[in-house]
Amino acid sequence: MPSAFQFQCHFVLIFLAASRGETRYLEVRDAGEDEPFLLLSEDLKRELSAGQIYRRSLRCIDMLSIEGQFTFTADQPQLHCATFFIGEPEELITIDYNFVNIDCQRGDFLKVFDGWILKGEKFPSSLDHPLPTSQRYVDFCESGNIQRSIRSSQNVAMIFFRIHQPGNGFTVTVKKNANLFPCNVISQTPSGKFTMVIPHQHRNCSFSIIYPVVIKISDLILGHLNGLFLKKPSAGCAGVGDFVELLGGTGLDPSKMFPLADLCHSFHGSAQMKIGCDNTVLRMVSSGKHINRVTFEYHQLDLQETESRKENSIEEFCFPSI
């Protein structure tokens with residue numbers, strides 16, 4: 001059975017928590033049968049001819065992985081709505097306001113958040129994002145015409161909104177832009193391969209996979225040679241400056257997840273780990289003194305794999321959760 005966290009993320013059945021100033025926190029509603037990752041259809045992407053603009057109406061709770069123009073018109077007071085945008089790992093997302101008709105004086109709002117929020121947890125975490133949390137929000141009621149185009153810092157972004165008057169709403173255009181050095185990423189799929197490169201930058205980058213997975217690191221290049229440590233109270237790579245850590249947990253924010261293993265030496269080969277947590281994160285910490293690179297692949301963990309170890313595997317974690 002999928003966990004509550006997986007259910008939340010896979011179906012993105014999210015609404016804003018009770019108002020009264022709590023508009024930045026999300027909760028989860030009961031799931032309906034019409035809300036799966038159907039909205040990420042590859043068939044739809046293939047059907048669109050070159051230059052054709054995809055248009056459709058938005059639902060109160062929605063998720064999009066395709067460029068296009070999207071309109072929301074309230075048919076009744078809509079007080080807890082959110083739309084989640086996700087791209088490929090190498091893409092950034094630009095949201096342009098084409099038309100906005102909301103009543104800010106009455107309590108309506110339309111906000112863009114640089115990243116995702118789920119039940120108060122952020123991705124990227126505050127430790128990994130280049131901007132302070134307060135600057136990750138763009139409130140239309142405060143900026144108006146001053147900032148009608150917002151670009152994300154990673155492959156995910158979201159808007160959340162409240163509209164009291166039926167007939168009011170907005171139209172946005174969503175575009176994708178290339179990101180030469182992807183940093184923080186949420187994977188759209190339970191399997192894949194990725195290379196993360198941090199070129200002389202003092203930053204932390206997280207790759208989030210919202211599934212139990214087998215993850216195999218095949219290449220790790222850091223600016224020094226140390227060792228590999230399983231996380232213990234007295235061990236780890238925190239004093240090294242450049243390292244990779246594997247995290248597991250049941251939420252969205254990497255800074256609130258359980259540290260499973262540190263890798264702080266360069267190697268070519270294979271280090272494999274089975275992680276049965278609801279969310280698995282590979283996080284690279286970089287001092288900015290070196291060019292750091294890690295290549296890894298992953299696939300969804302099944303029950304048969306929990307019963308057998310493979311060569312070069314390090315310890316298994318979180319299996320009680322699956």
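None of the values given here were measured: they were computed from a predicted structure.
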Residues forming a salt bridge (Lys or Arg N to Asp or Glu O under 4.0 Å) with Arg293, sequence neighbours excluded: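 Scan of Arg293 (salt bridge (Lys or Arg N to Asp or Glu O under 4.0 Å), adjacent residues dropped) gives Asp219.
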Salt bridge (Lys or Arg N to Asp or Glu O under 4.0 Å) partners of Asp253, counting only residues at least two apart: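 With sequence neighbours excluded, Asp253 shows a salt bridge (Lys or Arg N to Asp or Glu O under 4.0 Å) to no residue whatsoever.
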Stepwise side-chain contact (heavy atoms from CB on, under 4.5 Å) check, Ile93 with Val174: CA-CA 7 Å; Ile93 296 167; Val174 177; 4.0 Å; yes
May I ask you to check whether [X] and [Y] show a side-chain donor-acceptor distance below 3.5 Å?
X      : Y      : answer
Asn184 : Ser153 : no
Glu90  : Asn155 : no
Ser287 : Asp242 : yes

Where do [X] and [Y] come nearest, in terms of heavy atoms and distance?
X      : Y      : answer
Tyr54  : Arg56  : OH-CD, 3.1 Å
Pro259 : Leu247 : CA-CD2, 3.5 Å
Leu282 : Val244 : CG-CG1, 3.9 Å

[X] side chain to [Y] backbone, donor-acceptor under 3.5 Å:
X      : Y      : value
Thr173 : Asp96  : no
Asp62  : Arg59  : yes
Lys176 : Ser65  : yes
Ser152 : Leu92  : no
Asp103 : Asp108 : no
Trp116 : Phe85  : yes
Arg55  : Gln69  : no
Gln201 : Ile198 : no

Between Phe207 and Tyr298, ring centroids under 6.0 Å: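 Distance test on ring centres: under 6.0 Å, yes.
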With Met196, the side-chain contact (heavy atoms from CB on, under 4.5 Å) member among Ser286, Pro89, Cys205, Ser206: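 Checked Ser286, Pro89, Cys205, Ser206 against Met196; only one passes side-chain contact (heavy atoms from CB on, under 4.5 Å): Cys205.
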CA sep, side-chain torsions, deciding dist, call: Lys122, Arg136, side-chain contact (heavy atoms from CB on, under 4.5 Å): CA-CA 11 Å; Lys122 300 183 291 291; Arg136 294 170 66 177; 4.1 Å; yes
Rounded distance [0.5 Å steps], CG in Leu58 versus OG1 in Thr73: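 Interatomic distance, Leu58 CG to Thr73 OG1, rounded to 0.5 Å: 9.0 Å.
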Identified ring-ring contact (aromatic ring centres under 6.0 Å, His included) counterpart of Phe161 within the set Phe113, Phe170, Phe109: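 Of all the options given, the one that passes is Phe170.
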More than 12 heavy atoms of other groups within 6.0 Å of Gln105 CD: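 Atom CD in Gln105 is not crowded, with 12 or fewer foreign heavy atoms closer than 6.0 Å.
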Step-by-step side-chain contact (heavy atoms from CB on, under 4.5 Å) determination, Cys141 to Ile102: CA-CA 9 Å; Cys141 288; Ile102 64 175; 3.9 Å; yes
